[in-house]
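Heads up, the thing below is written out as C-alpha cells.
Remember, it's 1-based here, ligands and their atoms both numbered in the order they're listed. Just so you know, these numbers use all the heavy atoms, side chains as well, and skip hydrogens, waters and symmetry mates.
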Amino acid sequence: MTEGWTKAQRERWPLLVSRLDGTWTPPPNDAMPMEARTALDNALNDVVHAALPTQEEAFTRERIVANLTPVLERTVRGAKVMPFGSASTGLVLRHGDVDVCVATPSDRDQKRLVRDIARALRDENYVAIQPITRAKVPIVKCRDAVTKLPIDISVNNTLALRNTELIRAYVDLDPRVRDLVVLVKHWALHRGIADAFGGTLSSYAWTVLALRFLQSASPPLVPNLQEGTERRIESIDGRTYDTTIAQGESLSCDHSLGGLFAGFFHRWFVEHDWAGKVVSLREATEFTRKTHGWPSPKPGPIDVLQGRSDRTGDHVLPIEDPFDLEHDLSRVVRAEGWADIMEEGLRMWHGLVNGIPLVQLLQTVEHAPLDESPQGLFDDLRDRPRSEVERMLREARDAQTKTQGVLDALIKERERTIALAKAMRGTYQVTKGMSEEVLALVEALQARAMEMKLHQDHRDGIDEVAILPMNRILQELERLHRSLTTEVGIDNVPSLQHEQRDFARFLAVQAMHRSKPTSDASHAAYVELLRAQRDDVKRLGVLHLEAESGPDSRLEEVDLKAVRIRTGDVDEYDRRANRLSLLVRDHRRERKRLSREVGRLEAFLRNAQPQEGRGRRGNHEGHRPRRTRVDVAEVRQRAFDGGTISLEDLGALLDDGGLTGSIGTPPTRTRQRDTSSKKRHSQKRTEGTKQRRGNEARGKRGSR
Ligand code: UTP
C-alpha cells in the first residue's frame with residue numbers, strides 16, 4: 001500500500017497513511033489517564049459556551065423563522081411551518097443553519113413545491129437562493145439578507161421532525177449530552193469535516209455518532225430511547241417507520257466532559273471496526289455489515305484515492321439513521337472526505353494523548369465551510385449612541401409612512417389605468433352611483449367600441465387579401481396593363497407562362513382596386529371613432545376616475561415618464577398598468593423591509609442595547625473575536641496604574657483573561673488558555689463536573 005500514496009496525500013493525511021502503512025499505531029486508550037481527561041473540563045466548557053449562540057443570536061434565529069413563516073404559508077396553501085434540526089434540539093452552533101420544515105397536506109410533488117418556494121423567496125428578503133431538487137430530501141437553501149445566516153427549507157420532512165424529537169429527548173437526559181454533541185459538531189465544523197454537500201458527514205451524522213458513543217460509554221450515560229413495548233408505527237410517504245421514542249432517564253455515572261470527549265475519539269477512530277460493523281443508535285449496538293446487508297464499499301475510498309477507481313461504492317462509514325433504517329448517513333461521504341474524517345479523528349486523539357493544547361487541536365482549517373462571522377441582528381447598532389438609534393427609528397418610521405403613501409397612490413393609479421384601458425375597449429361597466437353624465441359617457445364608449453370593432457374587422461378582412469396600399473395598386477395596374485398591351489417585336493415575344501402570370505396578377509390587383517376603397521373607408525371611420533373614443537376616455541378619467549384635485553402628487557416620487565399615455569391607444573394603457581404593477585410590487589417589498597427595520601430598531605431600544613457576548617464565558621482562538629471598542633491592553637495598564645475603569649472596560653478585560661492576562665505580551669486567546677495556572681485547573685477539576693451538574697439547572701442552560 002506504501003507505494004500507492006502520493007507525496008501530497010502523505011502530507012495531507014500523515015496519520016491515516018502511516019497507520020495504513022503499518023508504520024504508526026494510534027496510542028491505546030490507557031495512554032491518556034483519567035486525570036488528563038478531566039483536566040480538559042474547563043477548557044472544553046469554554047469551548048461549548050463559545051460555540052453556542054448568544055442570546056442575541058438566538059433571538060435573531062427566532063426572528064428569521066418568524067419572518068419566513070408567513071412567506072412559506074402564503075406560498076404553500078394550508079402549510080404549517082415548523083423549525084427542526086439543531087435549533088430545536090438545543091444543539092445549534094453559532095455557525096449552524098436554520099432548518100425549517102413546511103408541512104403540507106397537499107400531495108403536490110415535493111420538488112415542485114421546493115421550486116415554488118425558491119421563486120417566492122426571490123421576492124423577499126433572502127439571498128443566495130438555491131433549490132436543490134436532486135437531493136434525497138429536496139430543499140431550498142438560502143440566506144437571510146440581513147444576517148446572512150444560512151437557511152434550509154424542506155417540505156414534508158416528517159422523518160426529520162421525528163429524529164429532531166429523538167435527539168431532543170437524548171439532550172434532555174443530561175447536560176453532558178448537549179455539551180459532548182456541541183463539542184463534536186464544533187470540532188467537525190471547524191476542521192472542515194461536517195459538510196454533507198462537500199463529501200464529509202452531516203452535522204446530524206456527527207450528532208448520531210456522539211449519541212451512540214454515549215450509549216456505549218463505559219458505563220453508558222444514556223439508555224436506548226427507541227426501546228420499549230409501546231411502539232409508534234407511522235406511514236410516511238407510503239413507507240412504514242417505527243418512530244417510537246421512549247421516556248428515559250440519564251444513567252447515573254460520573255463521566256467528566258473531558259473523559260467523554262477523549263473517549264469519543266478513541267472509540268470511533270481507534271477502536272471501532274468500520275470495515276466490519278454498522279453503527280446503530282436504534283439498536284444501541286454495532287452489528288455486522290453482513291447482518292445489515294451493507295457490505296464493504298467496492299471500490300473502497302483507498303481505491304479511489306490511489307487512482308484505481310473514480311467513485312467509491314456505498315457504505316463508506318456505515319451509520320444507520322435511527323428511523324430510516326435503509327438510510328446510511330455516510331451516503332454522502334466521498335473518498336477524500338473519508339480520508340479527511342479519519343485523519344482528523346486520529347489527529348485529535350493523538351493530540352489529546354500528547355497534551356497538545358485544545359486551541360491548536362480545534363483550530364479552524366482554511367477550507368471549513370464557515371462564514372467569517374454570522375452577522376448579529378444588531379451588529380451595526382451596537383456601537384451607536386442610543387440617541388442615534390432613536391433617530392434611525394424616527395427616519396425608518398417616516399420612510400415607512402411615505403412608502404405607504406406612494407404605495408396607496410400607485411395602487412389607485414393602477415386601478416385607474418386598468419379602468420381607462422377597459423373604457424377604451426368598451427368593457428368599462430356601468431355601476432351604481434354614476435352621474436348621468438358619466439353614465440352617458442360609459443354607454444357611448446361601449447357602443448362606439450362595438451362600432452369600432454365592426455369597422456376594424458371589415459378593414460382587416462379586406463386588407464388580408466388586398467395587401468397593397470392604394471398608390472401601389474395603381475402603379476401596379478398601370479405596369480401590368482402596359483406589359484399586357486404593349487406591342488411586342490419578333491425578337492422579344494414574352495413566353496406564354498410569363499403572359500399568363502401577368503394576366504392573373506392583373507386580375508388580382510384589379511380586385512384589390514375594387515375593394516380597397518371600402519377598406520379605406522372603414523379605416524377612416526375607425527380612426528374617426530378612435531379619436532372620439534380617446535376624447536371620451538379622457539373625459540371619463542377627469543369626471544369619474546381622477547380626483548378633482550388632479551393627479552396624485554405622491555406619484556412624483558416614482559418614474560412613470562417611460563409609460564406616459566401619448567396616443568391614448570389601449571396598449572399604452574396596458575403597458576402603463578404593467579409598469580404600475582411592478583412599482584406596486586417594489587414598494588410593497590420596501591414597505592416590508594422598512595417594517596422589519598422598524599421592528600428591529602424597536603427591539604434593540606427595548607432591550608437597552610444588548611451587549612455582544614453577553615452570557616458567554618471566556619473566549620477561544622479559532623472563534624470569532626469579540627466585537628469590542630475597548631483597547632484591552634490600555635485598560636489593563638490603566639487598571640494596574642490605579643485608574644478608573646468603566647463597566648464596559650471591565651467586561652472587555654474579563655473577556656480577555658482579566659488583570660493577569662498579559663501585560664507587555666499580546667493578550668491572545670491561546671496564551672490565555674495556555675497560561676491558566678495549575679492551581680486553577682486542580683481547583684476546578686475537583687469542583688468541575690460535580691458542581692456543574694449539580695448547580696447548573698438544565699432550564700438555565702437551555703435559556704442561552
Ligand atoms: P444538519 O446536518 O444541518 O444538522 O441537519 P444540525 O444538527 O441541525 O446541524 P447544524 O449545526 O444546525 O448545521 C438538520 C436536520 O436535518 C435532518 C435532521 O433532522 C437534522 O437535525 N437530517 C439531516 C436528516 O433527517 N437526515 C440527514 O441525513 C441529515
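Note on ring orientation: taking the six-membered ring where Trp is involved, the planes of H190 and H186 are tilted (angle from 30° to 60°). Ring planes of H292 and W294: tilted class, angle from 30 to 60°.
Aromatic rings of F604 and F378 (six-membered ring for Trp) have centroids within the 6.0 Å cut-off, being under it.
Protein neighbours of ligand 1 below 4.0 Å, counting non-hydrogen atoms: F84, G85, S86, G96, D97, D99, A160, N163, T164, K185, S202, S203, Y204, H327, L329.
Contact between T164 and T89 at its shortest, heavy atoms only, is O-CG2, 3.4 Å. Nearest heavy-atom pair across W338 and L16 is CZ3-CD2, 3.9 Å.
Legend: ring pair (Phe, Tyr, Trp, His ring centres under 6.0 Å) pairs involving residues 203-222, not counting sequence neighbours, sorted by first then second residue: W187-W206.
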